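Report on the following structure.
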Amino acid sequence: MYTLRTIPVSLLLSLAMLLSSTASAQFLQTSTTFSERSGSDVDTLVLLVPAGMDSPRLSGWNDRTANQLRRTVAATEFEGDARQKVEILAPAGLTVERLILVGVGDPVELARHDAELIGADLASHINATAARSVEVNASLIEDQALNAGITTAIAHGVDLRNYRFDRHFSDPAPRPSQQYHYRVRSQSVAEQQYNQLRALAEGVFHARELTNLPGSDGYPAAFAEYAREVLEPLGVTVTILGPEEVLEAGMGSLYGVSQGSQHKAHLLLAHWEGSDDQPIALVGKGNTFDTGGYNLKTSSASILRMQTDKAGAAAVVGAMAALAGQQTAVNVIGVMPLSQNAISGEAQLPGDVVTAGDGTTIEVANTDAEGRLILADGIWYAREHYNPRAIIDIATLTGAKVGALGSDYSAVFTEHEDILATMREAGELTGDRVWQLPLGPYEGIIDSRIADIRNTGSPGAQAGAIFLQHFAGDTPWLHIDMAGNAFIDNPSGINPEGGTGYGTRLLTEWTRIFAAQ
Ligand code: BES
Ligand code: MN
Ligand code: ZN
């Protein structure tokens, strides 16, 4: 008889991988399970240790193990502080290959993002070992709610760190193909929380993928199709306006940026109607490549990586995917103007005047200040067609922002205290940090001599913001300048190298928080 025992383990494993494969499998080849019992065939045991335990010990451990632990803890001065980590290879009395003690500090005090960082640290460490089957044991965190909250946030950090953009390698290095088993107090509570965080992680993965796509692959129509394929199965209504429709709707400001490119402007709309409240609008800059136009980016350093100039729109796609994946009870519309800022005989010229959807005439004093040109029509379209209760725009907008704040914070601009307060709250929760810069007084900084307004001014980040404010009119609005936050060269924290997906978790949590108040 063909019993379970006669089926090779490898076959069972691949079957389990297949069954657990969802859309997620394209990004992560880790399986994640939660239960109140220990995992099987574990080669790596990770013990989460609250601060202030004399000698961490699991029931069932014999004296040899306990003794070794006591000596190791003393020798390494391990005190269970958050992010402290000690590894013991071939631990006495246990069958696992390695035992890793990971401090979680005081569980009551541990912030969600700090738990995510613990997970990210752990994933990075595990990936440098031969570990295949990891058990993260949370038995020492007694409180049930804290036990689930901390463990699932750690799992989220593991997932976020393990994304890879490897579609262009002929022979990609094996993804982490590992099993993570979390031993928790309540399987059902943990699974329910993890599923929400997994939907959030999937949103981040899509944002990273879109950010990372090379310019020639991720042009406006391709970006829009990617979004459609991801969002429609989640119940999001996706509408794509092509170049003719953009022109017909009067969006000359959006159209002009790509008029010289073979890849002309699109407007991507994504609507998640999880409630029948007045909608919230998220508007993302989707400039799929920024050559600067005739104000060409002339140094190799300034033009390299400008495929990441679509990261604002990518964050909006990611947030829409997360909100829908989580079945969040919010009414949210994503508006993504898509362009490719490139040159040819038909390209926009410095000094040209374009007319935006709302009738504003704009002097294009610099073709490289294209983000505000496409966002102007995106913001106008959101107001005109959806009457939103609030608009957030997010964009890799200015080099001046990078000079002011670097890449640890994005810059936010608003006159609405409630939007600012909730955005700060979302920033602290997720680690997508924000810092406010002022909107005034900057009288006349975008005045033009030949048109209603001009697309440049000084100081640079503020001029961009004030330009956008013109199009937000009296709708409560906040602008996020995420230049410098979209991409990193070296892995750090929850991010592998490459696109960070910055803004996805910020917008997702902000939308939930703001809609609930
Ligand atoms: N996409 C850039 C901003 C940017 C710069 C993002 C560096 C990420 C890293 C934007 O379109 C741009 O070129 N801005 C110009 C505006 C200027 C011409 C008024 C800038 O900041 O230099
Ligand atoms: Mn530019
Ligand atoms: Zn740009």
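Here the structure is a predicted model, which means the values were calculated and not measured. Order of appearance sets the numbers: ligands from 1, and atoms from 1 within every ligand.
Salt-bridge formation is detected for the pair Asp166/Arg175: a Lys NZ or Arg NE/NH1/NH2 atom is positioned less than 4.0 Å from an Asp or Glu carboxylate oxygen. Salt bridge present: Lys297 and Asp368 bring a charged side-chain N and a carboxylate O closer than 4.0 Å. Ionic pairing of Arg164 and Glu497 is not present here: no N-O contact between side-chain nitrogen and carboxylate oxygen is shorter than 4.0 angstrom. Salt bridge annotation for Lys285-Asp393: absent, with no cationic side-chain nitrogen under 4.0 angstrom from a carboxylate oxygen. In this structure, Arg198 pairs ionically with Asp159, as a charged nitrogen and a carboxylate oxygen lie closer than 4.0 Å. Taking a cutoff of 4.0 Å between a charged side-chain nitrogen and a carboxylate oxygen, Asp489 and Arg305 qualify as a salt bridge. We find that Glu116 and Arg505 are joined by a salt bridge, their nearest charged nitrogen and carboxylate oxygen being less than 4.0 Å apart.
For the Zn ion (ligand 3), the set of nearby N, O or S atoms under 2.8 Å includes one belonging to Asp309. Among the backbone and side-chain atoms of Lys285, an N/O/S atom is found under 2.8 Å from the Zn ion (ligand 3).
Only side-chain heavy atoms of Asp290 come within less than 4.0 Å of ligand 1; its backbone N, CA, C and O stay farther off. The part of Leu397 lying near ligand 1 is the backbone, judged by heavy-atom distances below 4.0 Å.
The single protein non-hydrogen atom nearest to atom 22 (O) of ligand 1 is Gly399 N, 4.3 Å, given as residue, atom name and distance. Nearest protein neighbour of atom 12 (C) of ligand 1, counting heavy atoms only, is Asp368 O, 3.2 Å. Among protein heavy atoms, atom 17 (C) of ligand 1 sits closest to Ala369 CB, 4.3 Å. Given atom 1 (N) of ligand 1, the protein heavy atom at minimum distance is Asp309 OD1, 2.8 Å.
Near Met306, meaning under 4.0 Å from any of its heavy atoms, are these atoms of ligand 1: 5 (C), 7 (C), 8 (C), 9 (C). Atoms of ligand 1 found under 4.0 Å from any heavy atom of Asn366 (numbered from 1 in listed order, with element): 18 (C). Against a heavy-atom cut-off of under 4.0 Å, Ala483 is close to the following atoms of ligand 1: 6 (C), 8 (C). Using a 4.0 Å cut-off to heavy atoms of Lys285, the atoms of ligand 1 that qualify are 1 (N), 10 (C), 11 (O). The contact set between ligand 1 and Thr396, taken as ligand atoms under 4.0 Å from a residue heavy atom, comprises 1 (N), 2 (C), 3 (C), 6 (C). Atom numbering of ligand 1 starts at 1 in the shown order; those under 4.0 Å from a heavy atom of Glu370 are 11 (O).
Looking at ligand 1, you won't find any N or O of Arg372 less than 3.5 Å from one of its N or O atoms. In terms of polar-atom proximity, defined here as any N/O pair under 3.5 Å, Gly484 makes no such contact with ligand 1.
Ring to ring, Tyr226 and His206 are close: their centroids are under 6.0 angstrom apart.
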> Which is it for Ile379 and Ile391 under the side-chain contact (heavy atoms from CB on, under 4.5 Å) test, yes or no, and what are the steps along the way?
Replying inline: CA-CA 8 Å; Ile379 291 170; Ile391 297 176; 4.0 Å; yes

>> Could you go through Asp121 and Lys85, starting from their C-alpha distance and side-chain angles, then the distance that decides it, and tell me whether this counts as salt bridge (charged side-chain N to carboxylate O under 4.0 Å, His left out)?
In response: CA-CA 9 Å; Asp121 275 357; Lys85 188 166 71 221; 5.0 Å; no

> Between Tyr194 and His156, does a ring pair (Phe, Tyr, Trp, His ring centres under 6.0 Å) hold up when you go through it step by step?
Replying inline: CA-CA 7 Å; Tyr194 176 73; His156 186 49; 8.2 Å; no

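Residue-and-atom listing of protein N/O/S atoms under 2.8 Å from the Mn ion (ligand 2), sorted by chain and number: Asp290 OD2, Asp368 O, Asp368 OD1, Glu370 OE1.
Within Asp290, the N, O or S atom lying nearest to the Zn ion (ligand 3) carries the name OD2. For Glu370, the N, O or S atom with the smallest separation from the Zn ion (ligand 3) is OE2.
Here the options are Ile374, Thr288, Asp290, the test is side chain to side chain contact (heavy atoms under 4.5 Å, CB included), and the partner is Asn341; only Asp290 passes.
Within the 4.0 Å heavy-atom shell around ligand 1 one finds Lys297.
Within the model, atoms CD of Glu509 and OG1 of Thr422 stand 12.0 Å from one another, a figure rounded to the nearest 0.5 Å.
Taking the side chain as every heavy atom from C-beta outward, Arg389 and Pro476 never approach each other to under 4.5 Å. Thr361 is not listed as a side-chain neighbour of Val354, based on a closest heavy-atom distance of 4.5 Å or more.
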